[in-house]
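Down below is the structure, laid out as structure tokens.
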Amino acid sequence: MRYVKLKKEKIREFLLALQDYGELYAPIKVSEKYFDFRRITNEQVDEVVLDYNRTLRPPRRFFFPEKEVLFTFNSKKVEMYENKEAFTSEPVVLFGVHACDIVGLRIMDSRFIDDQPDPYYRARREKGIIIGISCLPDEYCFCNVRRAEFVDSGFDLFLSEVEDGYVIRVGSVKGHKIIDATEHLYVKVTKKDSDDLTAFDVKKSKMFTVSGNWDSLRYTLELNDEHPVIWMRESEKCLGCGNCTITCPTCRCYDVKDYPNLDGETGVRVRIWDSCQFREHGLVAGGHNFRPTKESRFKNRYMCKNAYCKEVTTAYCVGCGRCTYFCPAGINYKQNLIEIRGGI
Amino acid sequence: MISDRTKLENPYEDHLATIIDYRDLTSDTRYYKLKFVEPEVQEHTGDYKPGQFAMFSIPGVGEAPFSISSTPTRPAFLEFGIRKVGSFTDALFKKKEGDTVYIRGPYGNGFDMKSMEGKDIVIVSGGLGAVPLRSVLLYLEDKRELYNNVFFLNGARTPEDMLFKEDFLAMHAREIIETHLTVDKDPTGEWKHNVGVVTTLFEKINGRVDKDNAYALICGPPVMYKFVIKELLKMEFSKKNILMTLERRMKCGQGHCGHCAIHGVYTCLDGPVFNYWDYERMVELI
């Protein structure tokens with residue numbers, strides 16, 4: 001791998017240079033408590049936050065938007081036209097992605113690219129640029145037990161914090177091209193930087209509140225399918241709002257709806273993020289619901305995130321902590337998993 | 001339907017098809033016969049397996065999945081049996097002969113008819129379950145010599161409610177497949193066949209199935225499976241040879257939208273045909 005070092009005072013210039021590669025998005029503070037990826041132009045460069053905890057919305061939305069027109073149609077002529085926007089749009093340059101979210105995107109790829117490619121997602125993803133950044137965990141994080149605290153691939157560039165700047169790892173051809181074109185910004189990586197990286201890792205690993213490997217949760221959850229307390233107690237608190245799935249970096253359920261225009265002839269076929277926490281998710285025509293109770297829907301999310309992943313070695317959960325952090329009912333996903341496991 | 005050669009770059013894109021025939025099967029269920037408009041798609045109409053399904057689309061209304069009811073051995077058209085139960089079927093039922101709808105597919109694993117060659121086959125359907133299994137029945141009639149004993153047990157609530165009743169009565173008369181029909185109740189008093197739930201038909205085939213070389217294909221309302229499977233296990237059917245085809249909410253048909261996921265498998269890719277081993281393993285299956 002190729003390594004260069006970006007000193008702290010050059011970050012601004014680096015961000016400005018990234019705009020040459022597409023539409024730049026980076027984390028900024030959007031409210032008292034929350035951060036989110038937002039479009040960065042010259043004026044906003046100084047607002048970019050490098051040490052945010054987690055963004056409100058996960059990065060998948062840049063490749064799989066909340067709402068997307070798949071087709072436009074003319075119902076009178078019975079004709080449908082593919083929406084070309086995903087194929088012609090500017091590439092997205094996503095700066096400041098945490099390791100867990102990079103794993104999350106890889107999980108998205110496993111469903112949306114690997115076997116049955118989704119053309120809209122693939123087009124955006126393939127031209128997109130991912131620039132990762134190292135981070136330190138808070139009490140909500142458990143990416144370590146999900147094996148998502150460090151990534152070796154899935155990014156074009158990855159910035160790891162050292163004392164006076166960042167060591168950049170180059171992860172793709174696109175990444176090499178960016179570094180080649182901005183070579184004047186960088187200095188050589190020293191032995192001190194390498195020591196700093198190790199010190200950062202040591203510090204990070206001591207900050208996690210859980211340890212070990214939670215891959216075995218698959219079995220623990222299946223064995224506790226009839227857990228006498230947890231499912232009923234926790235799903236009782238649930239408001240069914242779907243925040244946990246909307247903020248999840250790996251949730252992919254979507255609904256498809258046709259919206260006719262007021263002219264009565266034309267309209268759009270749109271896909272919108274759906275949530276398994278909604279009652280309609282398992283409802284079929286005729287009124288039968290395959291997940292009729294809140295408990296069954298609640299359990300489904302826990303099972304899906306921990307036991308249903310077959311495509312990649314990790315679970316669908318990457319331990320980002322969003323579903324707990326953004327839950328209006330205060331349901332603590334991480335704590336519930338610990339309870340089902342019977343220990344950390 | 002759509003072979004690799006004619007596969008579009010966008011898998012959500014549909015093909016236009018014309019309704020060439022339709023008739024009411026019951027008060028709320030209708031038969032549709034369709035033909036593709038584009039010749040290069042029509043040429044591949046028969047590229048599907050019994051048990052697979054297709055996505056229908058009406059611009060402005062939406063999309064919905066339906067089981068294919070015709071057989072690939074008669075590849076000139078597609079047939080469906082569709083019950084009016086929601087907003088999509090409301091719009092579909094307004095369509096008449098000569099009108100068009102969009103179709104994409106086929107989707108799902110379907111039945112592996114090859115692996116059943118030379119074996120005994122017991123087909124059990126109830127109510128709307130006759131729709132996907134009609135595809136198998138017609139297929140078997142056309143390739144009857146490749147299979148050993150074939151039995152068809154079909155149940156409905158009343159004679160009026162029996163889908164494809166004329167087809168099945170004709171099938172009974174043709175005797176290519178041994179057909180047994182039953183209704184739960186017969187208010188008309190004119191029903192000449194069995195009266196009782198579908199499991200009462202099992203005595204007609206008892207002892208006549210080679211349990212070590214037999215498949216059972218089931219489709220019906222969720223409540224039916226439990227009782228039918230009990231009968232089949234009593235007859236010592238192998239669990240992996242008890243095949244059932246299931247229903248789920250579906251939006252894409254290609255393992256993306258997540259609605260049909262059960263225990264980590266996608267009904268639209270790994271199903272809708274599952275065997276009894278899957279049933280035992282997957283909590284939410286039926």
Side-chain angles (χ1 to χ4, degrees), chain A residues 64 70-80 82 111-112 115-121 218 222 225-226 245 251-261 264-269 271 274-276 280-291 296 299-300 303-304 307-310 316, chain B residues 8-16 28 37 55 57-66 82-91 99-102 107 128 221-222 246-270 281 283-286:
Chain A
F64 171 46
L70 299 179
F71 297 94
T72 53
F73 57 79
N74 184 317
S75 51
K76 208 163 186 183
K77 288 196 228 160
V78 204
E79 279 175 4
M80 304 209 47
E82 188 182 40
R111 291 304 316 180
F112 276 21
D115 289 336
Q116 309 262 337
D118 177 274
Y120 304 92
Y121 176 88
R218 178 181 296 243
E222 283 178 348
D225 188 47
E226 306 287 330
T245 57
C251 271
R252 310 166 297 284
C253 283
Y254 65 76
D255 199 357
V256 180
K257 286 194 161 94
D258 281 17
Y259 291 118
N261 292 332
E265 268 183 53
T266 59
V268 286
R269 176 163 295 170
R271 76 163 156 209
D274 202 351
S275 170
C276 61
E280 294 79 12
H281 192 272
L283 190 68
V284 291
H288 184 74
N289 197 330
F290 287 96
R291 287 190 198 103
S296 64
K299 199 192 281 182
N300 178 64
M303 294 302 286
C304 179
Y308 292 173
C309 177
K310 288 179 301 203
Y316 282 143
Chain B
L8 294 160
E9 257 176 53
N10 188 331
Y12 303 117
E13 220 165 297
D14 307 287
H15 294 285
L16 202 60
D28 61 357
V37 171
M55 285 298 269
S57 155
I58 301 175
V61 181
E63 293 182 296
F66 296 101
I82 295 172
R83 179 166 288 175
K84 189 173 161 182
V85 279
S87 56
F88 184 87
T89 43
D90 275 351
D99 288 347
T100 51
V101 292
Y102 279 101
Y107 298 117
L128 209 50
L246 304 181
E247 179 198 13
R248 277 294 180 283
R249 187 188 181 92
M250 288 175 192
K251 288 288 168 180
C252 69
Q254 24 207 306
H256 294 153
C257 83
H259 290 92
C260 71
I262 318 163
H263 219 96
V265 305
Y266 288 76
T267 311
C268 68
L269 296 178
D270 311 303
R281 192 161 52 83
V283 199
E284 292 183 314
L285 199 63
I286 293 176

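Worth saying up front: this structure is predicted, and the values here are computed from it rather than measured. Chain letters run A, B, ... following the sequence lines, proteins first, then strands; residues in each count from 1.
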Query raised in the report: At their closest point, which heavy atom of B:P11 faces which heavy atom of A:P117, and how far apart are they?
Result: CG-O, 3.8 Å
**Report entry** Segment of B:I58 engaging chain A (4.5 angstrom heavy-atom cut-off)
**Finding:** backbone
Query raised in the report: For A:R252, is it the side chain, the backbone, both or neither that has a heavy atom under 4.5 Å from a heavy atom of chain B?
Result: both
Query raised in the report: Within a strict 4.5 Å, meaning less than it, do heavy atoms of the A:D255 and B:R249 side chains meet?
Result: yes
Requested in this report: Quick one: pull up SG in A:C253 and NE2 in B:H256 and give me the separation to the nearest 0.5 Å.
Outcome: 12.0 Å
Report summary line: Cut-off 4.5 Å, heavy atoms of chain B, and the answer for A:D118 is both
Query raised in the report: How about A:D274 and B:K251: do any of their side-chain heavy atoms sit closer than 4.5 Å?
Result: no
Requested in this report: For the residue pair A:E222 and B:H263, establish whether any side-chain heavy-atom pair is separated by less than 4.5 Å.
Outcome: yes
Report task. Could you look at B:F88 and say if it's the side chain, the backbone, both or neither that has a heavy atom under 4.5 Å from chain A? Result -> neither
Query raised in the report: Does A:L70 have any side-chain contact (heavy atoms from CB on, under 4.5 Å) partners at least two apart in sequence or in another chain, and if so, which?
Result: A:E68, A:Y120, A:R271
Query raised in the report: Can you name the nearest heavy-atom pair linking B:S57 to A:M80, along with the distance?
Result: OG-SD, 4.0 Å
Query raised in the report: If we only count heavy atoms from C-beta on, is the B:E247 to A:H288 side-chain gap below 4.5 Å?
Result: no
Report summary line: Smallest heavy-atom separation, B:G60 atom then A:P260 atom, equals O-CG, 3.8 Å
Query raised in the report: Heavy atoms, side chains only, cut-off 4.5 Å: are B:N10 and A:F71 in contact?
Result: yes
**Report entry** Reported CZ-to-SG distance for the pair A:R111 and B:C257, which is rounded to 0.5 angstrom
**Finding:** 10.5 Å
Requested in this report: Name all residues meeting the salt bridge (Lys or Arg N to Asp or Glu O under 4.0 Å) criterion together with B:D28; count only those two or more places apart in sequence or in a different chain, and write none if there are none.
Outcome: B:R83
Report task. Name the region of A:Y254, side chain, backbone, both or neither, that has any atom closer than 4.5 Å to a heavy atom of chain B. Result -> both
Report task. State whether A:F290 and B:R248 meet the cation-pi test: NZ (Lys) or CZ (Arg) under 6.0 Å from the six-membered ring centroid, and within 45° of the perpendicular axis. Result -> yes
Query raised in the report: What part of A:E265 is in contact with chain B, defined as an atom under 4.5 angstrom from a non-hydrogen atom: side chain, backbone, both or neither?
Result: neither
Query - Pairwise distance CZ(A:R291) to CD1(B:I262) - rounded to 0.5 angstrom - result: 8.0 Å
Query - Nearest atoms (heavy-atom pairs only) where B:V61 meets A:D258 - result: N-OD2, 3.4 Å
